[in-house]
Peer 1: 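The structure is given below, and queries will be raised subsequently.
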Amino acid sequence: MVSTSSPNSSVRVIKKYVVDGLKDKALEEHLNMIRDKDSLHKYGAKLYKSIAKFAIVDEALEQLIKVHSEPPTRTLVIGNNQVMSYTYSRNSSADDLKKHAMEVFKDATKDCEDKDMKEKFDMIQDYSSPEKSAFMFFNSMVNSGFLDEAEELLKKAILPVVAVHTYVIGVGVAAGNTNAALKAFQHMSASGVAPNSYTYAVLIKGLTADPNYCGDAKKFLLEMMDKGMRPNAATYTAVIEGFAKLEDKAAEEEGKQLVDVMMHKGFVPNAKAMMEVLKGRPTPLIRRVINIALSKLKG
């Protein structure tokens with residue numbers, strides 16, 4: 001088994017295996033990296049983006065997710081490599097779990113009033129469609145820095161219920177229908193499903209796109225922090241930017257109060273990370289955002 005010490009060296013090894021036609025070896029090397037939590041945190045996004053170029057990751061995820069007929073507790077093996085163990089409850093089967101995921105999806109989308117969104121939802125008739133979204137989720141999670149959530153998704157043979165709800169919320173965000181995204185989140189909460197940090201990030205991104213929902217975005221940002229989740233730079237920057245875009249003194253003060261509350265919760269905005277998020281924005285807007293973020297630090 002090949003041992004690597006950096007994302008670059010690991011990618012070189014994988015590329016060599018691919019060029020030599022040793023796809024099983026390439027897949028084994030990839031899985032050895034992403035299954036280890038420390039490695040996933042250390043190498044995460046850079047490793048994944050590089051490996052994706054060699055068309056390895058989709059096959060890896062497909063084999064991890066499409067496990068349909070295993071006994072209750074088994075170890076998934078690819079080639080000679082033991083990947084991970086997983087357990088189903090005694091009264092559950094893969095088919096039962098897939099059926100439940102579809103029931104959750106149908107219930108979460110039954111009251112959709114947006115015509116375009118409803119057409120998209122109506123096209124999803126069986127589990128194979130939401131299952132494909134697992135690849136999208138993994139991509140988005142890693143690229144957004146939600147490595148714990150990405151790792152958890154990899155462990156699931158069946159798409160988790162929280163991912164189904166987050167998918168519905170994301171469709172609303174992508175359609176520009178903020179109210180639909182918010183309703184989907186509220187339905188999720190009413191169903192007793194706990195959102196993860198990625199769910200909050202998707203929702204907050206959608207809310208901040210509409211100036212009428214800045215207050216809601218702020219509320220959910222603080223809510224996720226109260227639950228022990230740390231927002232990434234893109235998430236808290238989006239909320240602060242939402243207030244800055246209003247170009248209103250009262251909104252600016254509300255943004256500063258938000259930063260103050262965040263700091264009292266032990267979280268200090270990272271100005272450097274925020275500047276990365278704000279790249280390409282108009283300079284006056286960037287200045288307003290950074291001024292709000294640093295206001296409490298200056299004092």
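Positions are given from 1, in the same order as the sequence printed here.
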Peer 1: For K227, check side chain to side chain donor-acceptor pair (under 3.5 Å) against everything at least two apart and list the hits.
Peer 2: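 Side chain to side chain donor-acceptor pair (under 3.5 Å) list for K227, sorted by chain: Y200.
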Peer 1: Give the C-alpha distance, both sets of side-chain angles, the deciding distance and a yes or no for side chain to side chain contact (heavy atoms under 4.5 Å, CB included) between L221 and M262.
Peer 2: CA-CA 9 Å; L221 177 66; M262 290 172 67; 4.1 Å; yes
Peer 1: Provide the closest heavy-atom pair for A201 versus T235 in the form atom of the first, atom of the second, distance.
Peer 2: CB-OG1, 3.5 Å
Peer 1: What closest approach, in Å, do A271 and L294 show between heavy atoms, and which atom pair accounts for it?
Peer 2: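 Smallest heavy-atom distance, with atoms named: CB-CD2, 4.0 Å.
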Peer 1: Mind checking the CD1-CG spacing from I290 to L285? Nearest 0.5 Å is all I need.
Peer 2: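 One gets 9.5 Å once the value is rounded to the nearest 0.5 Å.
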Peer 1: With a cut-off of 3.5 Å and sequence neighbours excluded, list every side-chain donor-acceptor pair involving residues 250-257.
Peer 2:
residue, atom, partner, partner atom, Å
E252, OE2, K256, NZ, 3.2

Peer 1: Decide if atom CD of E113 counts as having more than 12 heavy atoms of other residues, nucleotides or ligands within a radius under 6.0 Å.
Peer 2: no
Peer 1: Restricting to non-hydrogen atoms, name the atom on I169 and the atom on V202 that form the minimum distance, rounded to 0.1 Å.
Peer 2: CG2-CG1, 4.1 Å
Peer 1: Calculate, to the nearest 0.5 Å, the distance between atoms OG1 and CG belonging to T283 and L278 respectively.
Peer 2: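 Answer rounded to 0.5 Å: 10.5 Å.
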Peer 1: Scan for ring pair (Phe, Tyr, Trp, His ring centres under 6.0 Å) pairs involving residues 201-256, sequence neighbours excluded, and state none if there are none.
Peer 2: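 Ring pair (Phe, Tyr, Trp, His ring centres under 6.0 Å) check on residues 201-256 returns F185-F220, Y236-F267.
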Peer 1: Name all residues meeting the side chain to side chain donor-acceptor pair (under 3.5 Å) criterion together with T178; count only those two or more places apart in sequence or in a different chain, and write none if there are none.
Peer 2: none
Peer 1: Given side chain to side chain contact (heavy atoms under 4.5 Å, CB included), test S197 with R230 step by step and report yes or no.
Peer 2: CA-CA 8 Å; S197 55; R230 293 181 68 82; over 6 Å; no
Peer 1: Quick one: side chain to side chain donor-acceptor pair (under 3.5 Å) partners of K279, sequence neighbours excluded?
Peer 2: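 For K279 the side chain to side chain donor-acceptor pair (under 3.5 Å) partners, ignoring immediate neighbours, are E276.
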Peer 1: Does some side-chain heavy atom of K120 sit less than 4.5 Å from a side-chain heavy atom of D116?
Peer 2: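 In short, these two side chains do not touch, never coming nearer than 4.5 Å.
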Peer 1: Among residues at least two apart in sequence or on other chains, which ones pass salt bridge (charged side-chain N to carboxylate O under 4.0 Å, His left out) with K118?
Peer 2: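 For K118, the residues satisfying salt bridge (charged side-chain N to carboxylate O under 4.0 Å, His left out) (neighbours in sequence not counted) are D122.
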Peer 1: What pairs with K205 under side chain to side chain donor-acceptor pair (under 3.5 Å), at least two apart in sequence or on another chain?
Peer 2: none
Peer 1: Taking only residues two or more places apart in sequence or in another chain, which ones pass side chain to side chain contact (heavy atoms under 4.5 Å, CB included) with A180?
Peer 2: M117, N177
Peer 1: If we only count heavy atoms from C-beta on, is the V239 to C214 side-chain gap below 4.5 Å?
Peer 2: no
Peer 1: Quick one: closest heavy-atom pair of T208 and A238, and the distance?
Peer 2: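 Minimum heavy-atom separation between T208 and A238: CG2-O, 3.5 Å.
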Peer 1: What distance do I240 atom CD1 and K218 atom NZ have between them, rounded to the nearest 0.5 Å?
Peer 2: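 Going from CD1 on I240 over to NZ on K218, the span is 11.5 Å.
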Peer 1: In a table with atom names and distances, give each donor-acceptor pair under 3.5 Å that connects a side chain of residues 101-108 to protein atoms at least two apart or in another chain.
Peer 2:
residue, atom, partner, partner atom, Å
K106, NZ, I124, O, 3.0
D107, OD1, K110, NZ, 3.0
D107, OD2, H187, NE2, 2.9

Peer 1: Just verifying a value: how many Å separate L258 CG and M263 CE, rounded to the nearest 0.5 Å?
Peer 2: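 Going from the CG atom of L258 to the CE atom of M263 covers 11.5 Å.
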Peer 1: Indicate, with yes or no, if V277 and Y198 share a hydrophobic cluster defined by side-chain heavy-atom contacts under 4.5 Å among Ile, Leu, Val, Met, Phe, Trp and Tyr.
Peer 2: no
Peer 1: Please list all pairs passing the salt bridge (charged side-chain N to carboxylate O under 4.0 Å, His left out) test where one or both residues lie in residues 258-274, with sequence neighbours left out.
Peer 2: D226-K265
Peer 1: Test: salt bridge (charged side-chain N to carboxylate O under 4.0 Å, His left out). Region: residues 178-189. Which pairs qualify, not counting sequence neighbours?
Peer 2: none
Peer 1: Can you name the salt bridge (charged side-chain N to carboxylate O under 4.0 Å, His left out) partners of E241, sequence neighbours left out?
Peer 2: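 Scan of E241 (salt bridge (charged side-chain N to carboxylate O under 4.0 Å, His left out), adjacent residues dropped) gives K245, R281.
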Peer 1: Might you point out which heavy atoms bring A181 and L203 nearest each other, and give the distance in Å?
Peer 2: O-CD1, 4.0 Å
Peer 1: Are any of the side-chain heavy atoms of H100 and V161 separated by less than 4.5 Å?
Peer 2: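 Of all side-chain heavy-atom pairs linking V161 with H100, at least one is under 4.5 Å.
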Peer 1: Identify the heavy atoms of A293 and V259 that sit nearest to each other, and give their distance.
Peer 2: O-CG1, 3.5 Å
